[in-house]
> 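Before anything else, here's the structure in question.
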Amino acid sequence: FRNILVVLQFSIAIALIISTLSINNQLEYMRNKPLGFQKNQIVAIPVSGGEFCEDIEPFKQSLLKNSNIRAVTGSRLLPSRIGMYNNITWEGAAQDESLELIFNRVDYDFLDTYEIEIVNGRDFSHEYSFDVVDEQRENITGAVLLNEEAVRSIGWDNPIGKKVVQMFGDERYYFNVIGVIKDFHFRSLHEKIKPLSLFLKPNYPRYISIKIEPTDIQSTIAHIQATWRQFNPEFPFEYYFLDESFDRTYQSEEKLQTLFSSFSLLSLFISCLGLFGLAAFAAEQRTQEIGVRKVLGASVSELVLLLSKEFTKWVILANVIAWPIAYFAMNQWLQDFAYRINTTWSVFVLSGVAALAIALITVSVHAIRAAMANPVQSLRYE
């Protein structure tokens, strides 16, 4: 029964260690995976409304006078949380053929601010008045940028100049495709990249995004705040950094990592306490045997190995039990991510070796003490 408890305790501890390392690796992967857009050094300002929203161009130009501000743009949604969609059809589509297309209404310089790459065609430009969405305009409502996934879903080889038809109930709005942007992760890595479109509507943004230099940030924020109060004194100045907001997307995973880390340490501690007691009990039971072996010439290292060997096999058995359980559990957890790490054996080996090393250190305390004892006293032991 004692051996069963040792195996059970170490199986739980090893499984928890493997899970903790796997969660940590997935979090590191998500933090470091290229998103297809620049989220660092971006100050995001929520816009509540007011006359200020009717034309934000003067506000933008005033901000750009500061050399620490590299770009300014507005948008309905930020790149990290685009989720609204409409049904669309397109030039050359069958009668009942349609596609759910996620969309975002953006200002000029949106792609430059977020460093989103254009793979075909051009960006929105002040030189083309028909780029701006105008629902009163006949035939062509405005221009649209599609991501690569949208082009693949539609099945176009060369989309430039083709028409996308946006459907709002019985209304139909026609957009001219002027460019294709590289796919970027506009949602968390739990989801695959979906078809996306960007429309140009400079006025009435919900967010203003400001790309700043990484130097003298406090002074830059002070300049942005002063400019905001100048152009929009009716509403308070609120801001946050986009990278910090984006990282909070994985807050639940970070809490899970902390929880598993705590339970791993606790479980390993309890396992070592049990093993420590068993090692003391085993050493006491074999006191006379140790004395005889020492008199007959056994070295300290040989005696330590003798006492440690029995416990080593139980920890190895615990690895055999824990590995498939942890592998199955982590594979199930990783299914929630469209973009995830591959489960590697190095995590399992590292966890197993760590548990075995800690177990050997725990057992060795008693093993060395018993091996170093005076053999005369050991032989007299009753």
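What you see is a predicted model, and the numbers here were worked out from it, not measured in a lab.
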> Is Tyr327 atom OH crowded by more than 12 heavy atoms from other residues, nucleotides or ligands, each under 6.0 Å away?
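Counting other residues, nucleotides and ligands, OH of Tyr327 stays at 12 neighbours or fewer.
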
> Does one hydrophobic cluster hold both Ile316 and Val353, with members joined at side-chain heavy-atom distances below 4.5 Å?
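No.
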
> Which residues, ordered by chain and number, are linked to Leu265 in its hydrophobic cluster, where ILVMFWY side chains connect at heavy-atom gaps below 4.5 Å, directly or through other members?
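Its cluster partners, ordered by chain and number, are none at all.
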
> Quickly, which of Leu21, Asn24, Leu16, Ile18 forms a side-chain contact (heavy atoms from CB on, under 4.5 Å) with Phe260? Name it, please.
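The passing option is Leu16.
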
> May I ask you to check whether over 12 heavy atoms, not counting those of Tyr240, lie within 6.0 Å of atom OH?
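Buried by this count: over 12 neighbours within 6.0 Å.
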
> Taking a hydrophobic cluster as the set of Ile, Leu, Val, Met, Phe, Trp and Tyr residues connected by side-chain heavy atoms closer than 4.5 Å, whether directly or through intermediates, do Ile118 and Tyr128 fall within one such cluster?
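Different hydrophobic clusters.
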
> Given side chains that start at C-beta, do those of Phe348 and Thr343 come closer than 4.5 Å, heavy atoms only?
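The answer is yes, as the side chains (C-beta and beyond) meet within the 4.5 Å cut-off.
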
> Could you give the distance from NZ (Lys201) to CG (Asp134), rounded to the nearest 0.5 Å?
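Rounded to the nearest 0.5 Å, the NZ-CG separation comes to 9.5 Å.
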
> Take the angle between the ring planes of Phe199 and Phe103 and call it parallel below 30°, perpendicular above 60°, tilted in between.
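Plane angle between 30° and 60°, so tilted.
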
> If you look only at pairs with a residue in residues 348-360, which of them pass as a side chain to side chain donor-acceptor pair (under 3.5 Å), with sequence neighbours excluded?
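For residues 348-360: none.
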
> Please check: side-chain N/O of Asp131 versus main-chain N/O of Ser125, any donor-acceptor pairing under 3.5 Å?
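The answer is yes, because a donor-acceptor pair under 3.5 Å joins these two groups.
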
> For residues Ser22 and Val347, report the shortest heavy-atom separation together with the two atoms involved.
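Nearest heavy atoms, Ser22 then Val347: OG-CG1, 4.0 Å.
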
> Check Glu254 with Arg31, please: is the shortest side-chain N to carboxylate O separation under 4.0 Å?
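Yes, Arg31 and Glu254 are salt-bridged.
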
> Could you walk me through whether Phe124 and Val132 pass the side-chain contact (heavy atoms from CB on, under 4.5 Å) test, one step at a time?
CA-CA 8 Å; Phe124 298 121; Val132 182; over 6 Å; no

> More than 12 heavy atoms of other residues, nucleotides or ligands under 6.0 Å from CD of Gln332: yes or no?
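Atom CD in Gln332 is crowded, with more than 12 foreign heavy atoms closer than 6.0 Å.
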
> What is the ring orientation for Phe186 with Phe184, classed by angle as parallel under 30°, tilted 30 to 60°, or perpendicular over 60°?
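Because their plane-to-plane angle is over 60°, the rings of Phe186 and Phe184 count as perpendicular.
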
> Under a single-linkage definition using a 4.5 Å side-chain heavy-atom cutoff for Ile, Leu, Val, Met, Phe, Trp and Tyr, are Ile23 and Tyr339 assigned to the same hydrophobic cluster?
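Same hydrophobic cluster.
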
> Any idea which heavy atoms bring Trp156 and Lys163 closest together, and the distance?
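In this case the closest contact between Trp156 and Lys163 is CH2-O, 3.6 Å.
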
> Please find the pair of heavy atoms, one from Ser245 and one from Arg81, that lie closest to each other, and give the distance.
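Scanning both residues completely, I find the closest heavy atoms to be OG-NH2, 2.7 Å.
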
> So Leu78 and Tyr114, do their side chains get closer than 4.5 Å, heavy atoms only?
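Result yes, sub-4.5 Å side-chain heavy-atom pair found.
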
> Is the closest side-chain heavy-atom distance between Val144 and Tyr174 below 4.5 Å?
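Counting from C-beta outward, Val144 and Tyr174 never come under 4.5 Å.
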
> Does a side-chain heavy-atom distance below 4.5 Å link Ser209 with Phe110?
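No, side chains not in contact.
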
> Which atom names give the shortest non-hydrogen contact between His223 and Ser62, and what distance separates them?
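Scanning both residues completely, I find the closest heavy atoms to be NE2-O, 3.8 Å.
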
> Report the distance from atom CG of Asp183 to atom CG of Leu146, rounding to the nearest 0.5 Å.
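It is 11.0 Å, given to the nearest 0.5 Å.
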
> Any side-chain heavy atom of Glu148 sitting closer than 4.5 Å to one from Val119?
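When only atoms from C-beta onward are counted, Val119 and Glu148 do touch, with a gap below 4.5 Å.
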
> For Glu238 and Pro46, which heavy atoms make the closest approach, and how far apart are they?
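Scanning both residues, the minimum pair turns out to be O-CD, 3.4 Å.
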
> How long is the straight-line distance from CD1 of Ile42 back to OG1 of Thr113, given to the nearest 0.5 Å?
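That separation rounds to 6.5 Å.
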
> Is the NZ atom of Lys33 crowded by more than 12 outside heavy atoms at less than 6.0 Å?
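Count over threshold, so yes.
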
> Report the hydrophobic cluster partners of Ile212, with the cluster defined as I, L, V, M, F, W, Y residues connected by side-chain heavy atoms closer than 4.5 angstrom, directly or transitively.
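Under the 4.5 Å side-chain rule, Ile212 groups with Val43, Ile45, Val47, Phe52, Ile56, Phe59, Leu63, Leu64, Ile69, Val72, Ile208, Ile210, Ile217, Ile221, Ile224, Trp228, Phe231, Phe235, Phe237, Tyr239, Phe241.
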
> How long is the span from the CH2 atom in Trp314 to the CD1 atom in Ile4, to the nearest 0.5 Å?
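The CD1 atom of Ile4 is 8.5 Å from CH2 of Trp314, to the nearest 0.5 Å.
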
> Heavy atoms, side chains only, cut-off 4.5 Å: are Ile321 and Phe10 in contact?
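When only atoms from C-beta onward are counted, Phe10 and Ile321 do not touch, as no gap falls below 4.5 Å.
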
> Using the rule side-chain contact (heavy atoms from CB on, under 4.5 Å), only one of Val177, Leu99, Leu101 pairs with Ile154; which is it?
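Result: among Val177, Leu99, Leu101, Leu99 is the only option passing the side-chain contact (heavy atoms from CB on, under 4.5 Å) with Ile154.
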
> Looking only at atom types and distance, does a side-chain atom of Thr141 sit under 3.5 Å from a main-chain N or O of Val133, one as donor and one as acceptor?
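Side chain of Thr141 to backbone of Val133, a donor-acceptor pair under 3.5 Å: no, none is there.
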
> Please check if the number of heavy atoms outside Glu127 that lie under 6.0 Å from its CD is greater than 12.
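Check fails, neighbour count at 12 or below.
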
> Using 0.5 Å steps for rounding, measure from the OH atom of Tyr29 to the CG atom of Asn342.
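These two atoms lie 8.5 Å from each other.
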
> Does a side-chain heavy-atom distance below 4.5 Å link Asn104 with Pro79?
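No; the side chains remain at least 4.5 Å from each other.
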
> Between Phe37 and Glu115, is any pair of side-chain heavy atoms under 4.5 Å apart?
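Not in contact.
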
> Can Gln257 and Glu253 be counted as having a side-chain donor-acceptor contact under 3.5 angstrom?
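Side-chain D/A pair, Gln257 to Glu253: absent.
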
> Is the side chain of Glu213 donor-acceptor paired with the backbone N or O of Arg70 at a distance under 3.5 Å, no angle test?
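Such a contact is absent between Glu213 side chain and Arg70 backbone.
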
> Does Arg152, at its CZ atom, have more than 12 non-hydrogen atoms belonging to other residues, nucleotides or ligands within less than 6.0 Å?
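Yes, CZ of Arg152 has more than 12 neighbouring heavy atoms, counting only those of other groups under 6.0 Å.
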
> Measure across Asp107 and Pro202 and return the closest heavy-atom pair with its distance rounded to 0.1 Å.
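Looks like OD1-CB, 3.3 Å.
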
> Find the distance between CG (Leu198) and CZ (Arg76) and round it off to the nearest 0.5 Å.
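Spacing of CG (Leu198) from CZ (Arg76) equals 13.5 Å.
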
